[in-house]
Amino acid sequence: MKHFFTYTLALLLVLALVASEASAQQFSKRKQYNSVGVNLNAMNYFGDITPKPSIPSFRAGATRPNLGLTFTRRFAPRISGRASLSYGRITGDDAKAADQNDAEAKYRYNRNMNFRNDILEFAVTGIFDLIENRNNYIKRPDFVPYVFAGVGVIRHNPKGEDAEGNIVALQPLRTEAQSSTYNLGQIVIPFGGGARYKLNRSFDLGLELGFRKTFTDYLDDVSGNYAARRGDLQSSAAQYFGWDITREIPGTYTESIQGGQMRGKSNEKDWYTTLGISVNYILAPRVRSPKFR
């Protein structure tokens, strides 16, 4: 996945530079246009609380909705810029994602952690169309596949459900007895691909798959090792999520021996994805009458 991410960004950059240089001067401002859109997505995450401790592993039952708004500006026959604002939820639950009879998963089942995280994202991305349009928006192609990449910022806040069913914010608890709390604001790298279909003169219907590379391992509040001692956790809520929540499963860590043991895989950052449909409305550019001298 890391190599795929690197190669995808490199390819997008090369294609964008070549295409913009070759076509920018041939694409007049009269053919440029804006569009606004709304999208509905299915949202998932890759991290420590998934069926397998690897990036491609996710649980379909953890899928949650994601809603977004976009503003797109077409600059050249193949190139557009897009600003987007979206809000959605990711979830994970060891009790549902891990199997106690699986030798590779029983430690995660024993960990018994759960979380949900509502994520607000703002992103700016460049879009490269695989089919160019040198005409105006009215004569745009009926079907256009594309790829995209950019940069974004998120605000997230992981929460867990305790034994009484209360939803508790996890970041202030420092459930791994960290010396300081992690940042709830993060930079992300969005990239992916999709396709647009021309419904009529003013509307496009889209399908898009997007990946978000993050630079945090705490979307799920799980990253490093258990606290060395239960007493190192500073509150009863921290002791519950960081220690007491552990199941007593033979052949795994129990509360008596889990101190300092691995709780998560800190060498892999968390990811999340969106897959969904969009409806885009084209803001028809004003036609200016020529000025007579």
Side-chain angles (χ1 to χ4, degrees), residues 8-43 65-88 120-153 188-212 273-293:
T8 299
L9 284 185
L11 177 61
L12 282 172
L13 180 59
V14 171
L15 290 176
L17 291 175
V18 172
S20 61
E21 183 67 22
S23 62
Q25 295 183 0
Q26 301 178 33
F27 197 73
S28 66
K29 289 186 177 181
R30 289 183 303 170
K31 296 179 181 179
Q32 297 176 0
Y33 59 88
N34 303 324
S35 63
V36 293
V38 58
N39 52 67
L40 173 63
N41 303 296
M43 194 171 185
N66 172 284
L67 295 172
L69 300 173
T70 61
F71 176 84
T72 305
R73 172 70 173 176
R74 173 161 294 279
F75 293 105
R78 292 183 185 268
I79 298 175
S80 302
R82 180 174 68 189
S84 63
L85 182 67
S86 64
Y87 181 80
L120 178 66
E121 175 193 286
F122 174 76
V124 177
T125 55
I127 301 172
F128 181 82
D129 290 348
L130 303 183
I131 298 175
E132 68 177 8
N133 174 27
R134 293 187 174 276
N135 296 304
N136 57 25
Y137 77 98
I138 298 174
K139 296 181 179 180
R140 68 191 186 277
D142 291 335
F143 179 78
V144 180
Y146 63 87
V147 292
F148 69 91
V151 65
V153 292
V188 299
I189 304 296
F191 68 98
R196 298 189 305 274
Y197 177 73
K198 179 181 176 182
L199 292 176
N200 55 36
R201 173 178 175 144
S202 299
F203 285 94
D204 285 341
L205 180 67
L207 176 66
E208 183 175 289
L209 172 63
F211 297 85
R212 306 298 191 278
T273 65
T274 54
L275 172 63
I277 59 173
S278 64
V279 176
N280 295 278
Y281 175 71
I282 295 175
L283 303 173
R286 295 192 332 182
V287 178
R288 296 182 179 180
S289 301
K291 294 181 178 180
F292 296 94
R293 297 181 181 272

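The chain is numbered in sequence order, starting from 1.
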| said: Taking Phe75's backbone N and O only, do any of them form a donor-acceptor pair with Gln32's side chain (distance below 3.5 Å, no angle check)? | reply: yes
| How many angstroms lie between atom OG of Ser278 and atom CG of Leu69, to the nearest 0.5 angstrom? | 11.5 Å
| said: If you define the side chain from C-beta out and look only at heavy atoms, does anything of Leu40 sit under 4.5 Å from Leu67? | reply: yes
| Non-hydrogen side-chain atoms of Tyr33 and Asn136 separated by less than 4.5 Å | no
| Which residues satisfy the side chain to side chain donor-acceptor pair (under 3.5 Å) test with Asp129, sequence neighbours excluded? | Arg74, Arg196
| field | Validation row: Asn39, Thr274 side chains within 4.5 angstrom (heavy atoms) | value | no
| query | So which heavy atom on Ile131 is nearest to which on Arg78, and how close? | reply | N-NH1, 3.7 Å
| request: Would you give the length of the straight line joining atom CG of Leu120 to atom OG of Ser86, rounded to the nearest 0.5 angstrom? | output: 7.0 Å
| message | On a heavy-atom basis, which atom in Tyr146 and which in Leu207 lie closest, and how many Å separate them? | response | OH-O, 4.2 Å
| Can you check whether Met43's main-chain N or O pairs, donor with acceptor, with Asn41's side chain at less than 3.5 Å? | no
| query | Under the 3.5 angstrom rule, does the side chain of Lys198 hit a backbone N or O of Ile138 as a donor-acceptor pair? | reply | yes
| How far apart are the C-alpha atoms of Val153 and Val188, what are their side-chain angles, what is the distance that settles it, and do they pass the side chain to side chain contact (heavy atoms under 4.5 Å, CB included) test? | CA-CA 6 Å; Val153 292; Val188 299; over 6 Å; no
| query | Out of curiosity, Phe148 CZ to Ser84 OG, how far, rounded to the nearest 0.5 Å? | reply | 8.5 Å
| request: Quick one: list whatever passes side chain to side chain contact (heavy atoms under 4.5 Å, CB included) with Leu209, sequence neighbours left out. | output: Phe211, Leu275
| Test item: Leu85 and Tyr87 side chains (from C-beta on) under 4.5 Å apart, heavy atoms | no
| task | Verify the distance criterion only: is there a donor paired with an acceptor across the side chains of Arg140 and Asn133 at less than 3.5 Å? | result | no
| task | Compare every heavy atom of Gly152 with every heavy atom of Pro190, then report the nearest pair and how far apart it is. | result | CD-N, 3.9 Å
| task | Would you check if Phe71 and Val36 make a side-chain contact, meaning some heavy-atom pair closer than 4.5 Å? | result | yes
| message | Under the criterion salt bridge (Lys or Arg N to Asp or Glu O under 4.0 Å), I'd like the reasoning laid out for Arg82 against Glu208: C-alpha separation, chi angles, the key distance, then a yes or no. | response | CA-CA 14 Å; Arg82 180 174 68 189; Glu208 183 175 289; 3.0 Å; yes
| field | Non-hydrogen atoms of Gly37 and Asn280 that approach each other most closely | value | CA-OD1, 3.5 Å
| Could you give the distance from CG (Asp204) to CG (Leu199), rounded to the nearest 0.5 Å? | 7.0 Å
| task | Taking the side chain as every heavy atom from C-beta outward, state whether Lys31 and Tyr137 have any pair of such atoms under 4.5 Å apart. | result | no
